[in-house]
Amino acid sequence: MASPRGEFSSRFGFIMAAAGSAVGLGNIWGFPTQAASNGGAAFLLVYLFLAFSLAYPVLMAELIIGRHAHANAVGALRLVSPNPVLRRVGAATGVTGLIVASFILSFYAIVAGWMLAYCLAALTDLVGLTAASLWLTEFSLGRNLAFMLLFMALTVGIISEGVQQGIERWSSRLMPLLLVSLVLLVIYVLTLEGAMEGLQVYLLPDFERALAPGLIVKALGAAFFSLSLGVGTMLIYGSYISDEENLPLLGGLVTLVDICIAVLAGFLVLPAMYVALHSGVEIFTASGALISEDTLIFTVLPRLFDSMGLVGVVVSLAFFFLMTIAALTSSISMLEAPVAYTIEEHGLERKPAALMIGLVIAMISTAILLNFEALFGLVIAVTTRYGQPLLGFMFCLYAGWVWHRDTLLQELRKGNAGAEHGLFWKIWPSYVRFVCPCIIVLIFAQSLLS
Ligand code: PFF
């Protein structure tokens, strides 16, 4: 039976939901181009190393604290210590996480809205509505607002349905669909002329570039964003896991799925760029670097799709559909964090809570859209470059220093009776205590300096 506050009904459901949160625009959009311009396979290795050595331990801190408390981030961090000051600092950290999650969602919904608009543009193209396609693919306040609102409405709709009927049901439907469309797109693009050249750029290692100090920091930030860390989303998903589950195993699987999809996305995006180059589309900037981020997704790839005729329309539809799904399974996790908080700490019903917080976030998105030049990049930088690492640092302190080791072990024993003899227990507690906070402080110092 599901608990009154909601619980994932199966291990599969949790993995789909948590992997859904992790796999998002960051994987398909950010990772491949970063890898391509920063040492290819060498960057990949650095990223893999950091994901397992830093992001996974922090993910585990969130999951374990969440499952132990079976509560939202604020309640859970308050519960970790009996000391009144530490309880207050814990609650404040939780609240800050929820605010950061809401701001991440406010820019994420704008970008996801563009994906949705491009997805629809492929459909209007298919039926010959050229004027509509043009409106959908041109940057305008009207289009941006309309699709941000539509995307937020989808997110609110899913969260209103609750943990099993909303988050679990939709993640379990959408994630397999995402994987299938990604694999099909990769197979198709690899058959096109120029694809192998892109594959070479992606896979040839250049260690000198990948090991440059600034880059390691970048890869670290990417790993943090990619695993949705620091803002309480993984904590709240952890709080919905049943006590019978083996947490280190589940966390490991989620990390693995996240990394595999990022790597797989590289097999799509890089070859696609070089296919575009073969059809005469410019893929390098004036300084000779590969075009990345928004120009890549909204200029280079659509030009490539255009040059492919009718097949291009179908491929474009599949690609932007894939991006929309990836964004939606992430956005629901961001909204769930503050919604669970208002339900549990302020006694609101789920539906009005989801609607109210959705509206507030849509208002922040609107403010960003109205001051796009000034706010868009700023909100991204403050939340992901500073907010997430700093909050991740606090989670490590609470899991490593504040929380009593015996309680921690008891929590791990719930899903694995011999937890104290396992490798995880031998390494993780001191790792999250010493190594993780030091590395995060380094990233933070570096991003402040640059
Ligand atoms: N992990 C998501 C991505 O890679 O796109 C982004 C994200 C989701 C960040 C949820 C933060 C969050 F709370």
Side-chain angles (χ1 to χ4, degrees), residues 16-35 47 50-51 55-56 58-59 62-63 66 72-73 93-94 96-112 114-115 151 155 158-159 167 171 174-175 178 182 218-239 251 254-266 269 293-294 297 322-341 357 361 379-392 395:
M16 288 301 104
S21 168
V23 173
L25 300 175
N27 297 60
I28 305 174
W29 178 347
F31 173 77
T33 46
Q34 254 186 0
Y47 179 83
L50 293 176
Y56 170 70
V58 179
L59 170 69
E62 283 205 35
L63 291 181
N72 64 86
T93 304
T96 313
L98 303 182
I99 296 173
V100 173
S102 307
F103 274 92
I104 294 182
L105 181 51
S106 72
F107 76 74
Y108 213 79
I110 295 175
V111 181
W114 297 338
M115 303 295 169
F151 183 80
T155 307
I158 294 179
I159 287 304
I167 300 171
S171 303
L174 295 176
M175 285 306 284
L178 178 143
L182 182 59
K218 241 189 190 170
L220 268 170
F224 245 80
F225 182 72
S226 184
L227 273 176
S228 317
L229 297 179
V231 292
T233 55
M234 286 302 182
L235 187 148
I236 194 71
Y237 277 12
S239 80
V254 170
T255 311
L256 204 63
V257 173
D258 183 54
I259 291 173
C260 286
I261 296 205
V263 173
L264 193 59
V269 174
E293 301 187 350
D294 53 340
I297 301 287
L322 169 83
M323 293 297 258
T324 307
I325 295 178
L328 191 58
T329 52
S330 296
S331 68
I332 55 178
S333 72
M334 294 178 222
L335 184 61
E336 178 62 13
V339 166
Y341 164 75
I357 296 174
I361 294 173
V379 174
I380 296 180
V382 172
T383 53
T384 64
R385 211 180 297 159
Y386 305 113
Q388 284 192 287
L390 204 59
L391 286 161
F395 274 106

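Nothing fancy with the numbering, it's 1 onward along the sequence. First listed ligand is number 1; within each ligand, the first listed atom is number 1.
The nearest pair of heavy atoms linking Val23 to Ser330 is O-OG, 3.1 Å. What you find for Leu63 and Gly251 is that their closest heavy atoms are CD1-CA, 3.9 Å.
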Kindly print each ligand 1 N/O atom paired with any protein N/O atom under 3.5 angstrom away, one pair per line, or none if nothing qualifies.
residue: ligand 1; atom: 1 (N); partner: Ser21; partner atom: O; Å: 3.1
residue: ligand 1; atom: 1 (N); partner: Ala22; partner atom: O; Å: 2.9
residue: ligand 1; atom: 1 (N); partner: Phe225; partner atom: O; Å: 2.9
residue: ligand 1; atom: 1 (N); partner: Ser226; partner atom: O; Å: 3.0
residue: ligand 1; atom: 1 (N); partner: Ser228; partner atom: OG; Å: 3.1
residue: ligand 1; atom: 4 (O); partner: Ala22; partner atom: O; Å: 3.0
residue: ligand 1; atom: 4 (O); partner: Asn27; partner atom: OD1; Å: 3.3
residue: ligand 1; atom: 5 (O); partner: Leu25; partner atom: N; Å: 3.1
residue: ligand 1; atom: 5 (O); partner: Gly26; partner atom: N; Å: 2.9
residue: ligand 1; atom: 5 (O); partner: Tyr108; partner atom: OH; Å: 2.6

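Using a 4.5 Å cut-off on side-chain heavy atoms (C-beta onward), Val382 and Phe103 make no contact.
For Tyr108, there are no ring-ring contact (aromatic ring centres under 6.0 Å, His included) partners at least two apart in sequence or on another chain. Here Glu336 pairs with Arg350 under the salt bridge (Lys or Arg N to Asp or Glu O under 4.0 Å) rule; sequence neighbours left out.
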Donor-acceptor contacts under 3.5 Å from residues 222-237 side chains, at least two apart:
residue: Ser226; atom: OG; partner: Tyr47; partner atom: OH; Å: 3.4
residue: Ser226; atom: OG; partner: Asp258; partner atom: OD1; Å: 3.2
residue: Ser226; atom: OG; partner: Asp258; partner atom: OD2; Å: 2.7
residue: Ser228; atom: OG; partner: Ser21; partner atom: O; Å: 3.1
residue: Ser228; atom: OG; partner: Ser21; partner atom: OG; Å: 2.9
residue: Thr233; atom: OG1; partner: Ser228; partner atom: O; Å: 3.1

